[in-house]
Each structure stands twice: as structure tokens, then as C-alpha cells.
Amino acid sequence: MTESFHRSGEYENPYEGQQQAPVNPEWPPPPAYAPAPAPHAPKKRRRGPVALLAAVAIVAAAIGGGTAYGIQELTGNDTVTSSSTSTTVVPSSQKGTVSGVAKAVSPSIVEISADSGAGSSTGSGVIITGDGEIITNNHVVAGASQIKVRTDDGKSYTAKVVGTDSKKDLALIKLENASGLKAATLGDSAGVGVGDQVVAIGSPEGLTGTVTSGIISALDRDVTVSTDESQGQGQGQGQQGGEWPFEFGGREFNGDTGSDTTTYKALQTDASLNPGNSGGALIDMNGNIIGINSAMYSAAGASSSAAAGSVGLGFAIPINTVKADLATLRAGSTD
């Protein structure tokens, strides 16, 4: 089929109204020729590479926003920020740097101090909503009668446990009278690969806002920890003979895990983790949270967290596990 070209710049089908053979609308043949426009005809706006790139960027932004909204609806709270690992939280001038990740994400990481009849524990947590919802490990707050939280800017809050999941070693706590906090962006742990660079932020031994870095060493490691409330106490600075239970590969470290344990799949990292990092963030180089730091390896014979130190074998609960459990935690689960 041929087409004629009017000087107005529009194509016209000379056979309009006549019986025609089917045409593939996705690949029409080019016109036989394209005469130059009249000298005084207005020029058509050219859609070159720049215009095409701009259009792609707009579409990508719309898709990203739609994905985040869908996840927010599923979790039941439209203030949770969730994204794929391709979302960049770090400013472009500092993209791919540890300092850039630390600056962007540190305001979303807190120190948690929990007191109970069994002792006290110091751990970390990740802010997921501006009004003070915080994800941490169950063993950080298990059995706590009082929870204090200190944010990156030095402010202190009292917190209450909303829900716990001992089988996944997760807990959700909520700050009292908090607003305007910077929520972390939850990434997609399914997109994490061995060798990816990561940053860990937490409060090891009560040293608030400590930043370490490394890589993802392995995926889907089976980690076994105790679900006994008394085992969760005595971590971090100021502990009094508490134990930090952890078992890997059938061998026990950092004390007895007890008879009541749970096993979950974890991300393995060589970013330095120490007692007090529990509940803190494992972050990709775009600034997205990809895991909640939960356990570490120490040499056999280390009977307490005081004797345990980082040897480059740390473990984090994948953030997709957290997102899948969030609705249950918000509902007040206390299994």
C-alpha cells in the first residue's frame, strides 16, 4: 500500500473507504518518498534521542511509584517507603560510596535499650515510618519491661512492643509521641547477589551509629537462634553475664542456644558485626535496606557476647522476610 503526503505534513490514504488487505498496525511500511516541506511550512518538533530518554525516565518513575504504592497498600500503612534495589537513596554525587550511604541512612537507624528482670540488652533498630514504627530483632526486646530508644540526632523516646515473631526473630516496636522521623527505604533482598557491596549500621557495644562495610558472602544460610526470652538479655554494653546465642552448621557459639530454637534463611556478610548490631540495618550501595542484622559467628569457647568479636561472618534476615511479616507484626502477633 502506498500513501500520499500533503504539504500540511500529514499522511493521507488514497484508498480510504475502499476494501483493503489487513495491515499489521505495529509495523506499517515507510512511505515511498518524503518530499521536503514547503519553505514556509511550520517545522514539526523532532523527537530525537533526548526526547526519547526523557519519555523513558518519566515512564520509569511512574512504574516505580506505582510499585511502591502497591506495597504500601499491602502492608496497611501508606507511610512505609518500599522499593526495588534499583532505587537510589544516596545523592548522585556520593553514589556508590560508604560515606554516601552512611549519611543518607544513619538518620533512620536507632539504638535500643531494653530492661527486664533477666537483665538489660542493647541493640539496634530501623525506622520504617515517620511516626516511629521500628523493626528490630525479637531477641533484642524479648521479655522487656521497659524500652528506651535513642535516634541519630540524640533524642530519646520510650517505646512499646507492637508485635513479635520469635520464629523469624523479628519484632515491631512503636515510639511514643514521635513524628517527623526519617523512614528508611526497604529494598528487595531477592535482587541481592554474592559479591554485592553492603554497609552495616548499628550500635555495637553501645557505640551508636557505628558504620562498617563489606560484601554479601553467601545467600540462604541456615541460622539457628534461641526463642527463649531470657536468652535475649544481657547483650551489648553494660551486660552482666548474659549470653548471645548463635548456632551454625551444627556447632554452638556464644553460649547455649537452649532447647527452644528457630532457624531461618539469612544473608551472610563480612561487614563487621558485634554485640549490639542486632536489629540494625544491612544496606546496599543505593541506600536501600536489604536485611536486618541478627547474628554473628565467634570462635568456639566464647561463652558470652563480651568475648565475641567480629570475624567477618555476620548474618542478616532478608528484608523480604520482614516485609512479608509486617502485617502480622502490626496486628499484634506475640507468638
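Bear in mind that the values here come from a model prediction, so they are computed numbers and not experimental data.
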Looking at CD of E133 and CG of L181, how far apart are the two atoms once the value is rounded to the nearest 0.5 Å?
11.0 Å
Is it true that a side-chain atom of S116 and a backbone atom of A118 form a donor plus acceptor pair closer than 3.5 Å?
yes
Please determine whether the number of non-hydrogen atoms from other residues, nucleotides or ligands lying under 6.0 Å from atom CG of N177 exceeds 12.
no
CG of D131 to CG of L175: how many Å apart, nearest 0.5 Å?
8.5 Å
Considering non-hydrogen atoms only, spot the tightest contact between T164 and A171 and give its length.
CG2-CB, 4.0 Å
Between D196 and G193, is there a donor-acceptor pair closer than 3.5 Å when you use the side chain of the first and the backbone of the second?
yes
Among residues at least two apart in sequence or on other chains, which ones pass salt bridge (Lys or Arg N to Asp or Glu O under 4.0 Å) with D165?
none
Do I173 and I112 have side chains that get closer than 4.5 Å, going by heavy atoms?
yes
Co-membership, hydrophobic cluster, residues V192 and V194, 4.5 Å side-chain:
yes
Point-to-point distance, once rounded to the nearest 0.5 Å, from OG1 of T136 to CG of L170
9.0 Å
So do the side chains of L207 and T210 get within less than 4.5 Å of each other, counting heavy atoms only?
yes
Checking V98 now: which residues fulfil side-chain contact (heavy atoms from CB on, under 4.5 Å) with it, not counting sequence neighbours?
V199, V211, S213, M285
Rounded to the nearest 0.5 Å, the CD1 atom of I319 sits from the CD1 atom of I289 at a distance of 6.5 Å
State whether the side chain of D284 and the backbone N or O of N288 hold a donor-acceptor pair below 3.5 Å, judged by distance alone.
yes
I'd like to check K265 versus P318 (side-chain heavy atoms, cut-off strictly below 4.5 Å). Are they in contact?
no
Taking every heavy atom of T262 against every heavy atom of K168, the minimum-distance pair comes out as OG1-N, 4.5 Å
Between T224 and T261, is a side-chain hydrogen bond (donor to acceptor under 3.5 Å, both in side chains) present by the stated rule, with each step listed?
CA-CA 6 Å; T224 301; T261 62; 5.7 Å; no
All heavy atoms of D270 vs all of S217, minimum pair found to be N-OG, 3.4 Å
Does any non-hydrogen side-chain atom of Q94 lie less than 4.5 Å from one of K103?
yes
Closest approach of M296 and L273, non-hydrogen atoms and distance?
SD-O, 3.2 Å
Under the side-chain contact (heavy atoms from CB on, under 4.5 Å) test, residues paired with N137 that sit two or more places apart:
H139, V140, D169, S278, I292, S294, I317
Is the backbone N or O of V90 less than 3.5 Å from a side-chain atom of T88, with the two atoms forming a donor-acceptor pair by type?
no
Search all heavy atoms of S106 against all heavy atoms of I201 and return the closest pair with its distance.
OG-CD1, 3.7 Å
N320: what forms a side-chain contact (heavy atoms from CB on, under 4.5 Å) with it, not counting sequence neighbours?
D188, S189, A190, K323
Gap separating the NZ atom of K160 from the CG atom of L172, nearest 0.5 angstrom
14.5 Å
Please find the pair of heavy atoms, one from Y157 and one from E176, that lie closest to each other, and give the distance.
CD2-O, 3.7 Å
Is a side-chain N or O of S108 found less than 3.5 angstrom from the main chain of I127, in a donor-acceptor match?
no
Side chain to side chain contact (heavy atoms under 4.5 Å, CB included) between I147 and V161, worked out
CA-CA 8 Å; I147 302 174; V161 174; 3.5 Å; yes
List in chain and number order the residues that pass side-chain contact (heavy atoms from CB on, under 4.5 Å) with S124, two or more places apart in sequence or in another chain; answer none if no residue qualifies.
S203
Check whether N293 reaches the backbone of A281 with its side chain - one donor and one acceptor, N or O, closer than 3.5 Å.
yes
Within-4.5 Å side-chain heavy-atom neighbours: I216 and L282
yes
Does any non-hydrogen side-chain atom of T321 lie less than 4.5 Å from one of D325?
no
Verdict with reasoning, T158 to K148, per side-chain hydrogen bond (donor to acceptor under 3.5 Å, both in side chains)
CA-CA 5 Å; T158 299; K148 296 290 186 181; 3.0 Å; yes
What's the separation between atom CG in D222 and atom CZ in F315, rounded to the nearest 0.5 Å?
10.5 Å
Go through it in stages, so that I can follow the logic: the residues are T208 and E111, the test is side-chain hydrogen bond (donor to acceptor under 3.5 Å, both in side chains), and I'd like the CA-CA distance, side-chain angles, deciding distance and then a yes or no.
CA-CA 6 Å; T208 306; E111 177 185 291; 2.4 Å; yes
Side-chain contact, heavy-atom cut-off 4.5 Å: V223 with T263?
no
If you define the side chain from C-beta out and look only at heavy atoms, does anything of V101 sit under 4.5 Å from V198?
no
Who pairs with K182 by salt bridge (Lys or Arg N to Asp or Glu O under 4.0 Å), at least two apart in sequence or on another chain?
none
